[in-house]
Structures are given as structure tokens and as C-alpha cells.
Amino acid sequence: MSETSNYTIIWNEAINQIRSEIDEQEFQTWFNLEYQGADEKEFTIAVPSLFYKDQIKKRYQTYIEGKIEELIGKYVSLNLVIKPKTEAKSPQAEEPANNEPVLPAKEAAKPKKDRHNQLREDYTFETYVVGENNSFAANAAQAIARNPGTAYNPFLIYGGVGLGKTHLMQAIGNYIHATTDSKVFYITAETFTNEFISSIHESTERAKAAFKNKYRYADILLIDDIHFLQKKDGTQEELFYTFNVLYDANKQMVFTCDRAVSDLKDFNERLRSRVGRGLNVDLQPPNYETRCAILRKKANASGITIPDEVIDLVSKNISTNIRDLESALMTLTAYTDLVGKPVTLEIAQQRLKDVFASPRQSNISIEIIQRVTAEKYHLSPNDLKGKKRTQSIVYPRQLAMYICKEITEYTTTEIGQNFGGRDHTTVMYSCQRIEDIIKTDPTVDSTVQSLIRDIKDYSVKS
Ligand code: ADP
Ligand code: MG
């Protein structure tokens with residue numbers, strides 16, 4: 001969306017808020033204002049006459065500027081220009097001879113139902129494919145979208161990268177935005193942090209308050225990737241207060257995180273327990289059938305035809321996450337666009353051979369490594385992901401991490417995430433430890449090799 005229409009939305013929102021705060025008669029009398037344009041310093045607004053201009057200046061200019069500041073977090077001035085009556089949109093836009101309403105109808109101040117400027121238009125429930133990996137999360141999200149702030153508050157969606165957390169969160173936002181007048185705020189934890197830090201450095205109290213008010217004013221607050229807040233004490237504290245204000249007012253909050261809240265490090269305990277007290281659900285990687293369904297849906301959406309055997313090929317070879325599936329599809333789409341021919345199995349094989357050959361896509365998932373390793377040591381995969389530190393669990397856990405590092409392309413951070421949200425340094429330490437053991441005890445090496453063979457066998461079958 002262009003900058004211009006963002007400003008229009010802000011203007012409409014400011015006017016709408018003012019309308020709800022002042023007397024209707026007063027509003028009708030004075031808010032005969034027409035948005036002309038804006039940039040980051042100034043909003044230009046047309047008024048029908050000099051009389052109006054003076055009155056607005058005297059009575060409302062600071063008020064309106066304050067509203068805009070609250071919404072965008074910084075001060076901008078109001079530039080009032082006179083637009084001669086003949087040009088004015090409303091035929092009734094004359095100086096008020098009496099207290100007759102001068103605004104034609106409510107619509108004049110009501111913003112047109114536009115798309116939400118912080119949300120991606122295509123991140124909706126309609127475009128979200130539901131499979132066994134995400135059905136619980138998707139159903140909960142729909143229930144929340146229909147009845148925000150009632151049950152399931154806050155709602156936390158967690159899981160690894162590219163599994164659809166942001167999409168699902170924004171689908172909630174888009175749905176509520178389209179069906180209600182609620183003020184939906186979407187923000188990444190990173191932007192929230194940056195805004196908070198700049199607000200501290202603002203010189204005026206008013207500018208400092210603008211940041212706080214902005215989010216405490218939300219009806220629906222969506223904060224993406226809250227793991228980013230680890231170690232950021234000040235921002236966590238700020239979020240804690242915002243949380244309380246919104247929670248007490250039954251405003252819906254949704255968070256996403258790359259791990260369970262219990263696995264967040266350097267995280268304010270009070271905030272952790274607040275976020276954890278709502279509904280927490282995780283997203284798992286999609287299985288083969290869901291991967292096919294996602295590819296079909298995405299191909300349809302971009303208007304390209306992909307034969308079933310190509311869908312099958314891609315789904316079999318890319319199992320990591322949905323983002324990787326999408327980028328494979330984009331490679332194929334680009335080909336069809338450029339060459340003007342449909343994708344065949346041969347072409348897909350050829351175009352994607354590097355992607356498929358990457359060890360990351362060798363269909364060996366961390367989950368399989370955990371399953372096979374756990375089985376060998378008569379444990380459950382959850383033992384490997386869990387917190388228990390008995391030697392009978394610690395050693396297989398370290399072994400599994402080591403194998404992940406050796407035969408997949410997952411980063412130590414990703415591996416850590418999949419082992420109950422452990423830190424990447426823990427993964428590095430585990431790998432080092434196994435390497436040391438292998439150096440002194442060659443039987444361990446053969447154990448590792450035989451495990452790797454089992455894992456590969458298992459992966460081919462699945
Ligand atoms: P995350 O926030 O978990 O890293 P995203 O929400 O950004 O993941 O998802 C990555 C991409 O995959 C996005 O383009 C999203 O639209 C797509 N995607 C994820 N899950 C699904 C799904 N279930 N159905 C359709 N598309 C999906
Ligand atoms: Mg995301």
C-alpha cells in the first residue's frame with residue numbers, strides 16, 4: 001500500500017476517534033474537513049472558509065494533532081488550507097449560519113473499509129491450508145477471530161521457521177479487521193522494541209506517551225516473534241504493562257514465538273506467566289499430503305498449472321517447511337512465465353535439482369533423527385526434547401543433536417529450537433562433547449554410523 005493511503009487511513013481513524021470522543025452536534029458543526037494529503041511532517045486539510053480555519057485552529061488544532069501523534073507515534077502538524085466552496089465536495093459546506101449540521105452524513109468521517117495497512121492481504125484463513133500439523137492451531141485461530149477477547153486470551157502460536165505462524169496470526173487480524181470496527185495492531189517484536197527505544201529518547205513527555213498510548217489503545221494486538229524480546233528487559237517490562245491494560249479490558253492479544261514460552265531465556269517471569277496463561281499451541285511441519293495441498297493451492301492462486309507428478313515430486317523432496325515449498329514453486333512459476341510453457345516433470349527435476357540435492361532437503365528431518373535415536377535407547381522423542389538431565393537421557397540427546405549437525409543443514413539455532421528450545425550454544429557444546437568421545441572411543445563412531453544408516457532408511461520410507 002502506498003504511503004499516501006496509509007496517511008488517509010490514519011486521518012480517517014483520527015477523525016473517527018474524535019467523533020467518538022466529542023459531542024455529535026459539535027462534531028457535525030466543526031469537522032467539515034477534507035483530507036488533501038500528508039507527509040511525515042504535515043497533514044494538509046481543507047476547510048471551507050477562513051472562518052472555519054480560524055475556529056479549527058483555535059479549538060481543535062492541538063487536539064487533532066495529538067490524535068495523529070497517538071496513532072503514528074510522532075508529532076506532525078496540521079496545515080489548514082481553504083478550499084473555495086465551489087470546489088468543496090459537500091454542497092452544504094458553508095459557514096454555519098446556525099447550528100445546523102454541516103456534514104452530510106456519517107460516511108463522511110467513516111473510513112472506507114480498506115485493507116489493513118500492516119497486514120498482508122493474502123494471509124487469510126481462506127489461503128491457509130489445514131492439515132494434521134496445524135489443525136488445532138487453525139481452529140483455535142478461527143474461534144478467536146470470531147470471538148476475540150473472550151476465550152483463549154492471550155493466544156500464542158509457536159513453532160519453527162516457515163511453518164505458518166505469521167500467516168495464521170495475520171489471518172486473525174484480517175478477519176477481525178474485515179468484519180468489525182476493532183482497531184487491529186500488528187507489529188513484530190523487533191519493531192516494538194525499536195519504537196520503545198526511540199520513545200525513551202524522545203524529549204517531550206507527550207512523545208514518550210505516544211508510544212504507550214498507541215498500543216494500549218488497541219482492540220486487538222498481534223505481536224510477532226516474541227522470542228526477539230529475550231534479554232530486552234526494558235521492552236519486556238513495557239509489554240508487561242501493555243499486556244495488563246489490554247487483558248483487563250478483555251482485548252485480544254496474539255503472540256508468536258519460535259519456541260514454547262517455558263523455553264524462553266532471559267525472559268521476565270511475570271510476562272512469561274501472563275503469555276503462558278492463555279492458549280498455547282504449536283505448529284508442526286506439514287506431512288506429505290498437506291505439502292501437496294499447499295502446493296496446489298499456491299499454484300492455483302498464482303494462476304499456474306502444475307501437473308500432479310510435479311506436485312508429488314516437490315512434496316516428496318521438500319519436507320522442511322512451507323517457505324521452502326513456496327520458493328520451489330516460485331522457481332517453477334518464474335520458468336513458466338519466462339518460457340511460456342507449462343512445467344513438466346523433467347523441467348521440474350532439472351530446475352530444482354540443486355534444491356533437492358541440498359542435505360537440508362534430503363527428507364531427513366530432525367524429528368526422524370529424534371525418533372530413531374530415541375528408539376535405540378528405549379526413550380521417547382519427548383525425552384530428548386525435555387529437560388531431564390539424567391545420564392541415560394543426556395547422552396542420547398547429545399548424540400541426536402550431533403547427528404542433526406552432521407547430516408542435515410539445520411543451523412545450531414534451528415536444532416536447538418527443535419530440542420525443546422535449547423540455546424545454540426548447548427547444541428555446539430553437545431556436538432563437541434560427542435566429537436571428543438569419538439576420538440577416544442571408536443565404538444561410538446560405529447554407533448553413530450549405524451544410527452545414521454537407520455535414519456536414512458527410515459527417511460526414505462516416510
Ligand atoms: P513463520 O512465521 O512460522 O516463519 P510464515 O507464516 O511466514 O511462517 O509462513 C511462511 C510461508 O508459508 C508464508 O508465505 C505462508 O503464507 C506460507 N504458509 C505457511 N503455512 C501455510 C499453510 N498452512 N497454508 C498455506 N500457506 C502457508
Ligand atoms: Mg513469522
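Along the sequence shown, residues are numbered consecutively beginning with 1. Keep in mind it's a predicted model, so treat the numbers as computed, not measured. All ligand and atom numbering here is 1-based and tracks the order in the structure.
- Interface atoms of ligand 1 facing Asn134, defined by a heavy-atom separation under 4.0 Å, are 23 (N).
- For residue Met169, no N/O/S atom approaches the Mg ion (ligand 2) to within less than 2.8 Å.
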Can Ile226 and Thr256 be said to form a side-chain contact (heavy atoms from CB on, under 4.5 Å), step by step?
CA-CA 6 Å; Ile226 57 166; Thr256 69; over 6 Å; no
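- The heavy atom nearest to atom 18 (N) of ligand 1, out of those in Val130, Leu325, Thr290, Ile322, is found in Ile322.
- Using a 4.0 Å cut-off between a side-chain N of Lys or Arg and a carboxylate O of Asp or Glu, Arg371 and Glu367 qualify as a salt bridge.
- Evaluated by nearest non-hydrogen atom to atom 16 (O) of ligand 1, the leading choice among Glu126, Lys165, His167, Arg120 is His167.
- By the criterion of a heavy-atom distance under 4.0 Å, the backbone of Thr127, and not its side chain, is placed next to ligand 1.
- Contact analysis puts Lys298 in contact with ligand 1, with a non-hydrogen atom separation below 4.0 angstrom.
- With distances taken over non-hydrogen atoms, the option nearest atom 7 (O) of ligand 1 out of Arg323, Glu326, Met169 is Arg323.
- Looking at Lys297 against ligand 1, nothing comes within 4.0 Å, counting heavy atoms.
- For the pair Val161 and ligand 1, the shortest N or O to N or O distance does not fall below 3.5 Å.
- With a 6.0 Å cutoff to the six-membered ring centre and a 45° limit on the axis angle, Arg270 counts as a cation-pi contact of Phe240.
- At a cut-off of 3.5 Å, with distance as the only test, a side-chain donor of His167 or Thr127 sits close to an acceptor on the other residue.
- Short contacts between ligand 1 and Tyr128, defined as distances under 4.0 Å to a heavy atom of the residue, involve ligand atoms 20 (N), 21 (C), 22 (C), 23 (N), 24 (N).
- Proximity of Gly159 to ligand 1 is not established, as no heavy-atom distance is less than 4.0 Å.
- Minimum heavy-atom separation, Phe125 to Ala138: CE2-O, 4.5 Å.
- At the shortest separation from atom 4 (O) of ligand 1 among protein heavy atoms lies Gly162 N, 2.8 Å.
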For Thr320 and Ser365, run side-chain contact (heavy atoms from CB on, under 4.5 Å): C-alpha distance rounded to whole Å, both residues' side-chain angles, the deciding distance at 0.1 Å, then the answer.
CA-CA 7 Å; Thr320 34; Ser365 66; over 6 Å; no
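- Residue-environment remark: NZ (Lys297) exceeds the threshold of 12 foreign heavy atoms within 6.0 Å.
- Residue Ile294 places no N or O, backbone or side chain, under 3.5 Å from any N or O of ligand 1.
- Taking a cutoff of 4.0 Å between a charged side-chain nitrogen and a carboxylate oxygen, Arg120 and Asp122 qualify as a salt bridge.
- Ring geometry, Phe211 versus Tyr215: the interplanar angle exceeds 60°, so the pair is classed perpendicular (tilted spans 30 to 60°).
- Side-chain contact check for Glu190 and Asn194: no donor-acceptor pair (N or O, by modelled atom type) lies under 3.5 Å.
- Of all protein heavy atoms, the one closest to atom 2 (O) of ligand 1 is Thr166 OG1, 2.7 Å.
- The heavy atom nearest to atom 8 (O) of ligand 1, out of those in Ala137, Gly164, Ala301, is found in Gly164.
- The protein atom (non-hydrogen) at minimum distance from atom 13 (C) of ligand 1 is Tyr123 OH, 3.4 Å.
- Taking the charged nitrogens against the carboxylate oxygens, Arg323 and Glu326 have no contact shorter than 4.0 Å, which rules out a salt bridge.
- Residue Gly160 approaches ligand 1 through these ligand atoms, each under 4.0 Å from one of its heavy atoms: 3 (O).
- Atom 24 (N) of ligand 1 has as its closest protein heavy atom Val129 N, 2.8 Å.
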